[in-house]
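Worksheet for the structure shown next.
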Amino acid sequence: IFFKTFFFPQIDYTGIEPNSPCNSCAMNGTWNTTCTCEVPFQLDQPFEGNVFMYYGLSNFYQNHRRYVKSRDDSQLNGDKASLKDPSKECEPYRMSDGLPIAPCGAIANSLFNDTLVLYYIDNGTRTEIPLIKKGIAWWTDKNVKFRNPTGDSNLSTIFKGTTKPVNWPKPVYELDPTDKDNNGFINEDFIVWMRTAALPTFRKLYRLIEKKDSLTATLQQGNYTLHVTYNYPVRSFDGRKRMILSTISWMGGKNPFLGIAYITVGSICFFLGVVLLIIHHKYGSRNTSADIPN
């Protein structure tokens, strides 16, 4: 279950394997059922800086043309006309039981809704790691592209006459019961999901873990438990789910693949450039004309 890739730990909790702690949830889970499981893992080294917690999905094609187009940006920007009359691009997730769906479309309907909680285990004592849910969405998305319709401070009144997406257990104005300012179209988990991925295996930012002080590691070396509220079924498309921990520096996230690729390609181009330069200097000035006999 625990493995490392590119210096950041990943915890696969799909639960397909018979010995997995989440096997029961995976085998019996549907969109309308909730199951919990716990996956123990160990950190071999501490995380010193701020830690970024991601969820990852595999074999999920968010880049499919019909899927990408299945949304109404006017509705997501708070347009009241689009709220009650969504774009036909959202079909077949445009209307439900005669009411317009808010938010409409296949992207919103497939919103990732597992709940992940992290515990540090020290001599049998469980300590919950504080996870910050604000600041995970892009500023332009949060403040420009996604807005709630105006008119009433009560979101349930604003969204009256609409219905929730088919696969959602609750309406959009109840996504975050602990923070009324994180509901509706400006819910940050929702905004992060709506930015579609280019590849079938991807990760999206789930939570932030901030460093408390310079004397203590953000995540200490040792034993941890990932508590999962398993709501998101992936068996239907042979997908996998994982939780990823990563830190970031002035050079970006700890994923050196792109840097290694750039350095490799650059080195090859430099080497070929030197070879071609030598060939040019050695043979380029020669007279290539030949005497043609009469």
Counting N and O atoms only, with roles assigned by atom type, does the side chain of [X] sit under 3.5 Å from a partner on the main chain of [Y], one being a donor and the other an acceptor?
X: S267; Y: I263; value: yes
X: D12; Y: R242; value: no
X: Q62; Y: Y67; value: no
X: K180; Y: L155; value: no
X: N28; Y: S24; value: yes
X: N59; Y: F237; value: yes
X: N223; Y: I121; value: no
X: E48; Y: T247; value: no
X: N148; Y: N183; value: yes
X: N167; Y: S110; value: no

remark   = Applying side chain to side chain contact (heavy atoms under 4.5 Å, CB included) to N123 and not counting sequence neighbours gives none
task = Could you list the residues that satisfy side chain to side chain contact (heavy atoms under 4.5 Å, CB included) with C35, not counting sequence neighbours?
result = C25, Y230
inquiry  = Classify the ring geometry of Y55 against F112: parallel below 30°, tilted from 30° to 60°, perpendicular beyond 60°.
reply    = parallel
ask   = Is it true that K134 and D179 have a side-chain N and a carboxylate O under 4.0 angstrom from each other?
value = yes
message = Between R240 and E17 (salt bridge meaning N to carboxylate O under 4.0 Å), is one present in this structure?
response = yes
Shared hydrophobic cluster for [X] and [Y] (ILVMFWY, side-chain gaps under 4.5 Å):
X: L199; Y: Y54; result: no
X: L116; Y: L43; result: yes
X: I11; Y: V117; result: no
X: I191; Y: Y232; result: yes

Just verifying a value: how many Å separate [X] [atom1] and [Y] [atom2], rounded to the nearest 0.5 Å?
X: I16; Y: N23; atom1: CD1; atom2: CG; value: 7.5 Å
X: L276; Y: C269; atom1: CG; atom2: SG; value: 10.5 Å
X: D141; Y: I186; atom1: CG; atom2: CD1; value: 13.0 Å
X: K212; Y: I209; atom1: NZ; atom2: CD1; value: 10.5 Å

inquiry  = Is it true that, when you exclude K170 itself, more than 12 heavy atoms of the residues, nucleotides or ligands shown sit nearer than 6.0 Å to its NZ?
reply    = yes
Between [X] and [Y] (judged by ring centroids, cut-off 6.0 Å), do the two rings come close enough to count as a pair?
X: Y224; Y: Y120; value: yes
X: W193; Y: F60; value: yes
X: F185; Y: F159; value: yes

request  = List the steps, then state whether salt bridge (charged side-chain N to carboxylate O under 4.0 Å, His left out) holds for R207 with D189.
outcome  = CA-CA 9 Å; R207 293 293 181 264; D189 286 319; 2.9 Å; yes
note = Per salt bridge (charged side-chain N to carboxylate O under 4.0 Å, His left out), E89 is matched among R66, R94, K69, R71 by K69
